[in-house]
Protein chains: 2
Amino acid sequence: MNKLKQKISEKTIERLSIYRRYLKDLQKNGKDRVYSHELAQLVSGTAAQVRRDLMQVGSNGCSSKGYEVSMLIDEIAKLLDCSEKQNIALIGVGNLGRALLGYFSGSRENYDIVALFDNAPDKCGRVICGKRCYSMNQLTEIVKEQKISTAILAVPAEAAEETAQNLIDAGIKAILNFAPRHITTRSRVFIETLDMTKALEKAIYFSRKNT
Amino acid sequence: MNKLKQKISEKTIERLSIYRRYLKDLQKNGKDRVYSHELAQLVSGTAAQVRRDLMQVGSNGCSSKGYEVSMLIDEIAKLLDCSEKQNIALIGVGNLGRALLGYFSGSRENYDIVALFDNAPDKCGRVICGKRCYSMNQLTEIVKEQKISTAILAVPAEAAEETAQNLIDAGIKAILNFAPRHITTRSRVFIETLDMTKALEKAIYFSRKNT
DNA sequence: TTCACGCTGTGTAATATTTCACAATTAAAG
DNA sequence: CTTTAATTGTGAAATATTACACAGCGTGAA
């Protein structure tokens with residue numbers, strides 16, 4: 001029934017994350033069923049697209065009653081989440097880094113920032129927002145010790161590439177990069193860049209085109 | 001020569017922004033020519049793709065010498081930038097908002113954050129990082145007064161949709177949304193959502209899939 | 001000049017992603 | 001039970017995006 005291991009596209013993974021967040025809201029509000037066209041609005045997509053996405057998680061929609069919210073959440077979790085909680089490192093504890101620390105701290109079930117890294121002497125050694133800050137030369141050690149799989153990179157642009165390489169060398173498997181640099185690597189590490197400058201310039205461009 | 005007004009895709013606009021940032025670096029370093037395959041590395045793309053992108057800005061590449069850096073920068077600016085500097089509003093002056101304010105302040109030539117908005121009484125009325133913070137009910141007034149075209153939305157998820165609607169009503173033409181909510185609207189306003197939670201969950205997912 | 005090389009510009013092919021459209025299924029009403 | 005209305009799952013079409021491949025041109029060397 002479940003066609004095992006057809007690779008799921010990045011776009012679908014992104015949408016699944018969005019669906020799940022909304023489904024959890026629905027659950028909180030006591031709604032226990034949902035239709036594909038309701039989810040479609042969330043991503044400015046079509047109902048058919050939603051159904052295709054959900055098929056890939058082994059969907060269990062019911063004709064004319066839609067999908068069961070709690071089951072969908074479970075199915076998506078089975079796909080997106082690892083069985084054990086994922087440990088995340090935050091690299092760079094400047095203004096942006098601290099904001100991200102606050103943003104990602106709290107009620108996350110399946111991942112958590114467990115270590116900070118920064119070379120500034122006034123930061124490393126300290127505990128910031130409840131997390132210990134280490135210097136970069138402890139990276140490999142801590143990554144191993146805490147089984148950290150993923151890093152959030154919030155260092156200045158000039159330091160991004162070198163730092164990313166250090167992360168890769170330390171055994172990190174994925175990087176969420178906030179520095180305005182697209183990082184290239186020949187390794188199999190997954191790098192997702194959230195380029196805020198690019199996004200703002202794009203928004204400014206289309207502010208004039210969408211009359 | 002320049003085939004007027006074939007619509008340029010969002011993806012191309014994003015890449016152009018990235019090319020330009022790199023080109024400015026090259027210029028600073030005294031390099032005055034660049035090949036399409038050099039730019040291709042930046043976006044993990046192919047040389048052909050870069051050449052297609054550059055064609056759309058009216059490219060002027062020269063066989064066997066590549067593109068002239070300063071001319072490319074000018075051509076891209078002619079496409080991406082407006083003639084006058086764009087005024088930006090930042091909505092939500094929490095931790096993330098302040099970090100974004102720092103991030104986007106400084107040496108930007110073609111846009112600038114000129115006004116902050118937040119309803120917290122300890123913030124509105126004050127000047128933060130050199131920018132005045134207003135309360136949300138002054139929005140329409142200030143947007144008109146300062147000719148603000150674009151807003152950066154950094155409010156909590158619960159407030160995102162309502163605030164976005166207020167922005168649209170006030171005449172904003174584009175929104176860069178940092179709240180973890182996908183905002184739907186029937187208006188022609190351009191909305192770009194930078195969904196950090198989605199991005200992190202995606203990174204975590206692929207940290208396990210990329211062997 | 002002539003040749004060889006390397007790069008651009010672009011038609012065409014290939015791939016990825018989304019949408020359409022409809023048979024099958026379920027629920028509910030009569 | 002039969003009919004009606006609504007929704008799912010999915011093949012096939014449509015669209016969007018990327019990559020290939022090569023003609024043509026400029027450059028530099030002989």
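Within every chain, numbering begins at 1; the chains are lettered A, B, ... in the order of the sequence lines, protein sequences first and strands thereafter.
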Ignoring hydrogens, what is the shortest heavy-atom contact between [X] and [Y]? Give both atom names and the distance.
X	Y	answer
A:Ala179	A:Thr193	O-CG2, 4.0 Å
B:Ile142	B:Phe117	CB-CZ, 3.7 Å
B:Arg21	A:Lys198	NH1-N, 4.4 Å
B:Leu23	B:Val69	O-CG1, 3.6 Å

Contacts of B:Ala164 that satisfy side-chain contact (heavy atoms from CB on, under 4.5 Å) - sequence neighbours left out: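 With sequence neighbours excluded, B:Ala164 shows a side-chain contact (heavy atoms from CB on, under 4.5 Å) to B:Leu153, B:Ile175, B:Ile183, given in chain and number order.
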Residues two or more places apart in sequence or in another chain: which of them pass side-chain contact (heavy atoms from CB on, under 4.5 Å) with A:Asp118?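 Testing A:Asp118 for side-chain contact (heavy atoms from CB on, under 4.5 Å), a comparison that skips the adjacent residues, returns A:Val93, A:Ala120, A:Lys123, A:Cys133.
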Identify, between A:Ser9 and B:Val34, the residue whose nearest nucleotide on DNA chain C lies closer to the 5' end.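 First, find each residue's nearest nucleotide; the 5'-ward one identifies B:Val34.
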Would you mind reading off the distance between [X] atom [atom1] and [N] atom [atom2], rounded to a whole angstrom?
X	N	atom1	atom2	result
B:His37	C:dT8	NE2	C1'	12 Å
B:Lys7	D:dA16	NZ	C1'	11 Å
B:Glu10	D:dT18	CD	P	12 Å
A:Met55	C:dT18	CE	C1'	14 Å
A:Glu68	D:dT8	CD	P	14 Å
A:Glu75	D:dT8	CD	P	16 Å
B:Arg15	D:dA19	CZ	C1'	12 Å
B:Asn60	D:dG26	CG	P	13 Å

What pairs with B:Tyr35 under ring-ring contact (aromatic ring centres under 6.0 Å, His included), at least two apart in sequence or on another chain?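 B:His37.
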Which residues share a ring-ring contact (aromatic ring centres under 6.0 Å, His included) with B:Tyr111, sequence neighbours left out: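 By the ring-ring contact (aromatic ring centres under 6.0 Å, His included) rule, B:Tyr111 matches no residue at all.
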Hey, can you pull the residues of residues 42-53 of chain A with a non-hydrogen atom under 4.0 angstrom from DNA chain C?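 Result for residues 42-53 of chain A: A:Thr46, A:Ala48, A:Gln49, A:Arg51, A:Arg52, sorted by number.
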Find out whether A:Leu116 and A:Tyr134 are in side-chain contact, i.e. whether some heavy atom of one side chain is under 4.5 Å from a heavy atom of the other.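 No, side chains not in contact.
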Generate the contact string for nucleotides 23-30 of chain C. Rules: B means base contact, S means sugar-phosphate contact only, - means no protein heavy atom under 4.0 Å. --BBS---
Of the candidate nucleotides C:dT10, C:dC7, D:dT8, which contains the atom at the shortest distance from the side chain of A:Tyr35?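 From the listed options, D:dT8 comes nearest.
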Tell me what B:Arg33 touches on the nucleic acid: a base, only sugar-phosphate, or nothing, going by heavy atoms under 4.0 Å.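 No contact at all - B:Arg33 keeps every heavy atom at 4.0 Å or more from the nucleic acid.
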